[in-house]
Amino acid sequence: MRTLRLDLCYDGTRYRGWQRLPDTENTIQGKLENALSRILGEPVEISGSGRTDAGAHALHQIASFSCHSTLPPEEIAAQLNRYLPEDIGIHSCREASGRFHARLNAKRKTYCYRLWVGREKCVFDRKYVYCFPERLDVEAMRRAAQILVGEHDFSAFCARKTKKSTLRRIDEIRIEPVGEELRLTFTGNGFLYNMVRIIVGTLLEVGVGKRRPEDLRTLFGASRAEAGFTAPAQGLWLMEVEY
């Protein structure tokens, strides 16, 4: 039995997220497993580094799977790119240690959230950014973001109740203008369900003056209702997974 590692990208616009679902084949995991099972001639189950939301995108998602097939990794990648829909692409496929697991071995992840803040209508990138029409105090957002850096209880930034620990470590948050966009980049050791999108919504509330930056200190260990709104999925991109 071999273990292989995939590095892939996808436009999540028309999918119901990463995770396989019982009532539809329209998920990234479902499309990959169906294509791999066809190519390798055996049932294949894959594990992703994380479960991106419906409508979210990935520049570099990592997945792992085991199989008996002896087909070379380069051929697996080539055939996947031939059979997968045009909005899912394989950067590489390579041999991995038998103990490698895309989710369990991940050390850090980087997400980017793209905001369109330009005055002109965003026609061509509308599926990949969140169009936010209000004027933002970017410096206030940056001050608030720095409060979130470090290890904290991010329960207020999780959209789903969980019995597991809500402690997470954020190593860096960058807020940078790129043309007509404002890009918020988050790097940390792990993220809770909808965590990045809720942080973005909370920072936007700071940006429009609904919250003060220092108010974010009161959110650690608080309930979900205390934090801001959940920003739409189409602006969220998984950029990198580190091992």
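The structure displayed is predicted, hence computed values, not measured ones.
- Looking at heavy atoms from C-beta onward, Leu115 lies out of side-chain contact with Arg183 at the 4.5 angstrom threshold.
- The minimum heavy-atom distance between Cys131 and Cys122, with the atom names listed, is SG-CB, 3.6 Å.
- Minimum heavy-atom separation, Ala231 to Gly201: CB-N, 4.2 Å.
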Query raised in the report: Under the side chain to side chain donor-acceptor pair (under 3.5 Å) criterion, do Asp153 and Thr166 qualify, and how do the steps go?
Result: CA-CA 5 Å; Asp153 182 347; Thr166 49; 2.5 Å; yes

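- When hydrophobic clusters are built by joining Ile, Leu, Val, Met, Phe, Trp and Tyr residues whose side-chain heavy atoms come closer than 4.5 Å, directly or via intermediates, Ile88 is grouped together with Leu36.
- Between Thr185 and Cys112, the closest heavy-atom pair is OG1-SG, 4.0 Å.
- Side-chain atoms of Met195 and Cys158, non-hydrogen and from C-beta on, never get closer than 4.5 Å to each other.
- Ion pairing between Arg174 and Glu172 holds under the 4.0 Å rule for side-chain N and carboxylate O.
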Query raised in the report: Hey, mind stepping through His60 and Cys9 against side chain to side chain contact (heavy atoms under 4.5 Å, CB included) and telling me if it holds?
Result: CA-CA 5 Å; His60 286 282; Cys9 57; over 6 Å; no

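- With hydrophobic clusters built from ILVMFWY side chains whose heavy atoms lie under 4.5 angstrom apart, Leu59 does not share a cluster with Ile90.
- Note that the CD atom of Gln146 and the CD1 atom of Ile175 stand 8.0 Å from one another [nearest 0.5 Å].
- Ile170 is not listed as a side-chain neighbour of Thr187, based on a closest heavy-atom distance of 4.5 Å or more.
- Judged by distance alone, with hydrogens and angles left aside, the side-chain atoms of His152 form no donor-acceptor pair with the main-chain N or O of Phe220 at under 3.5 Å.
- Crowding of Arg224 atom CZ: a count of heavy atoms from other residues, nucleotides or ligands under 6.0 Å exceeding 12.
- The hydrophobic clustering, which links ILVMFWY residues whose side-chain heavy atoms are closer than 4.5 Å, places Phe100 and Leu8 apart.
- Under the side-chain contact (heavy atoms from CB on, under 4.5 Å) rule, Val200 has a single partner from Leu203, Val196, Ile198, which is Val196.
- For the residue pair Asn189 / Asp171, no side-chain donor-acceptor distance below 3.5 Å is found, with atom types taken as modelled.
- The existence of a salt bridge linking Asp125 and Arg114 is confirmed by a sub-4.0 Å separation between a basic side-chain nitrogen and an acidic carboxylate oxygen.
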Requested in this report: Could you walk me through whether Gln29 and Ile46 pass side chain to side chain contact (heavy atoms under 4.5 Å, CB included), step by step?
Outcome: CA-CA 7 Å; Gln29 183 181 18; Ile46 64 172; 3.8 Å; yes

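- Using a distance-only test at 3.5 Å, with no hydrogens or angles considered, no donor-acceptor pair links the side chain of Lys127 to the main chain of Gly55.
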Query raised in the report: Under the side chain to side chain contact (heavy atoms under 4.5 Å, CB included) criterion, do Val117 and Glu181 qualify, and how do the steps go?
Result: CA-CA 6 Å; Val117 294; Glu181 294 182 29; 6.0 Å; no

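- Centroid-to-centroid, the aromatic rings of Tyr113 and Phe186 stay 6.0 Å apart or farther.
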Query - Test salt bridge (Lys or Arg N to Asp or Glu O under 4.0 Å) applied to Glu205 and Arg211, step by step - result: CA-CA 6 Å; Glu205 291 180 0; Arg211 295 175 186 265; 2.6 Å; yes

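- Arg168 forms no cation-pi arrangement with Phe154, by the criterion of a distance under 6.0 Å to the ring centre and an angle within 45° of the ring axis.
- In this structure, the side chains of Leu204 and Phe132 come closer than 4.5 Å at one or more pairs of heavy atoms.
- Rounding to the nearest 0.5 Å gives a distance of 14.0 Å between NZ of Lys210 and CG of Asp215.
- No donor-acceptor pair closer than 3.5 Å links the side chain of Ser37 to the backbone N or O of Asn34.
- Legend: salt bridge (Lys or Arg N to Asp or Glu O under 4.0 Å) pairs involving residues 62-87, not counting sequence neighbours, sorted by first then second residue: Arg14-Asp87.
- Applying the salt bridge (Lys or Arg N to Asp or Glu O under 4.0 Å) definition to pairs two or more places apart or across chains, those involving residues 28-37 are Arg20-Glu33.
- The pair Asp53-Arg16 does not meet the salt-bridge criterion, since no charged nitrogen lies less than 4.0 angstrom from a carboxylate oxygen.
- Through direct or relayed side-chain contacts under 4.5 Å between Ile, Leu, Val, Met, Phe, Trp and Tyr, Leu167 connects to no other residue.
- In the hydrophobic clustering of this structure, Met239 does not group with Leu236; members are Ile, Leu, Val, Met, Phe, Trp, Tyr whose side-chain heavy atoms approach within less than 4.5 Å, directly or through other members.
- Residues Leu238 and Leu84 do not share a hydrophobic cluster, defined by chaining ILVMFWY side chains whose heavy atoms lie under 4.5 Å apart.
- When all heavy atoms are compared, the tightest approach of Ala145 to Ile173 is O-CD1, 3.5 Å.
- Taking each heavy atom of Gln234 and Tyr130 in turn, the nearest pair found is NE2-CA, 4.1 Å.
- Within the 4.5 Å cutoff, the side chain of Cys93 has no heavy atoms near those of the Arg5 side chain.
- Shown here is Glu42, whose CD atom has more than 12 heavy atoms of other residues, nucleotides or ligands within 6.0 Å.
- For Glu139, the side chain to side chain contact (heavy atoms under 4.5 Å, CB included) partners two or more places apart in sequence, or in a different chain, are Asp137, Arg142, Arg143.
- Considering only heavy atoms from C-beta on, Trp18 comes within 4.5 Å of Leu32 through its side chain.
- One distance of note links OG of Ser223 with NZ of Lys161; it measures 9.5 Å at 0.5 Å rounding.
- To the nearest 0.5 Å, atom CG of residue Leu136 and atom CE of residue Met141 are 5.5 Å apart.
- Side-chain contact between Ile39 and Leu80: present, with at least one pair of heavy atoms (C-beta onward) separated by less than 4.5 Å.
- For the pair Leu219/Thr202, a side-chain contact is recorded, criterion being any heavy-atom separation below 4.5 Å from C-beta on.
- Phe65 pairs by the ring pair (Phe, Tyr, Trp, His ring centres under 6.0 Å) definition with nothing, not counting sequence neighbours.
- No more than 12 heavy atoms of other residues, nucleotides or ligands lie within 6.0 Å of CZ in Arg38, so this atom counts as exposed by the packing criterion.
- Under the 3.5 Å distance criterion, with hydrogens and angles disregarded, no donor-acceptor pair is assigned to the side chains of Asn26 and Thr24.
- Taken to the nearest 0.5 Å, the CG atom of Asp7 stands 8.0 Å off from the CZ atom of Arg94.
- For His101, the side chain to side chain contact (heavy atoms under 4.5 Å, CB included) criterion is met by Ser47, Arg103, Leu104, Asn105, not counting sequence neighbours.
- Between Glu151 and Arg169, no side-chain nitrogen of the basic residue sits less than 4.0 Å from a carboxylate oxygen of the acidic one, so the salt-bridge criterion is not met.
- Rounded to the nearest 0.5 angstrom, Arg51 CZ and Tyr193 OH are separated by 10.5 Å.
- Taking the six-membered ring where tryptophan is involved, the planes of Trp237 and Tyr128 are tilted, since the angle between them lies from 30° to 60°.
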Report task. Using the side chain to side chain contact (heavy atoms under 4.5 Å, CB included) rule, take Glu95 and Arg2 through it: C-alpha gap first, then chi angles, then the decisive distance, then the call. Result -> CA-CA 8 Å; Glu95 302 281 353; Arg2 308 158 67 197; 2.6 Å; yes

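- When atom types are taken as modelled, the side chain of Ser64 and the backbone of Ala102 share a donor-acceptor pair closer than 3.5 angstrom.
- For Tyr15 and Tyr10, the ring centers sit 6.0 Å or farther from each other.
- A donor-acceptor contact shorter than 3.5 Å is absent between the side chain of Arg197 and the backbone of Asn194.
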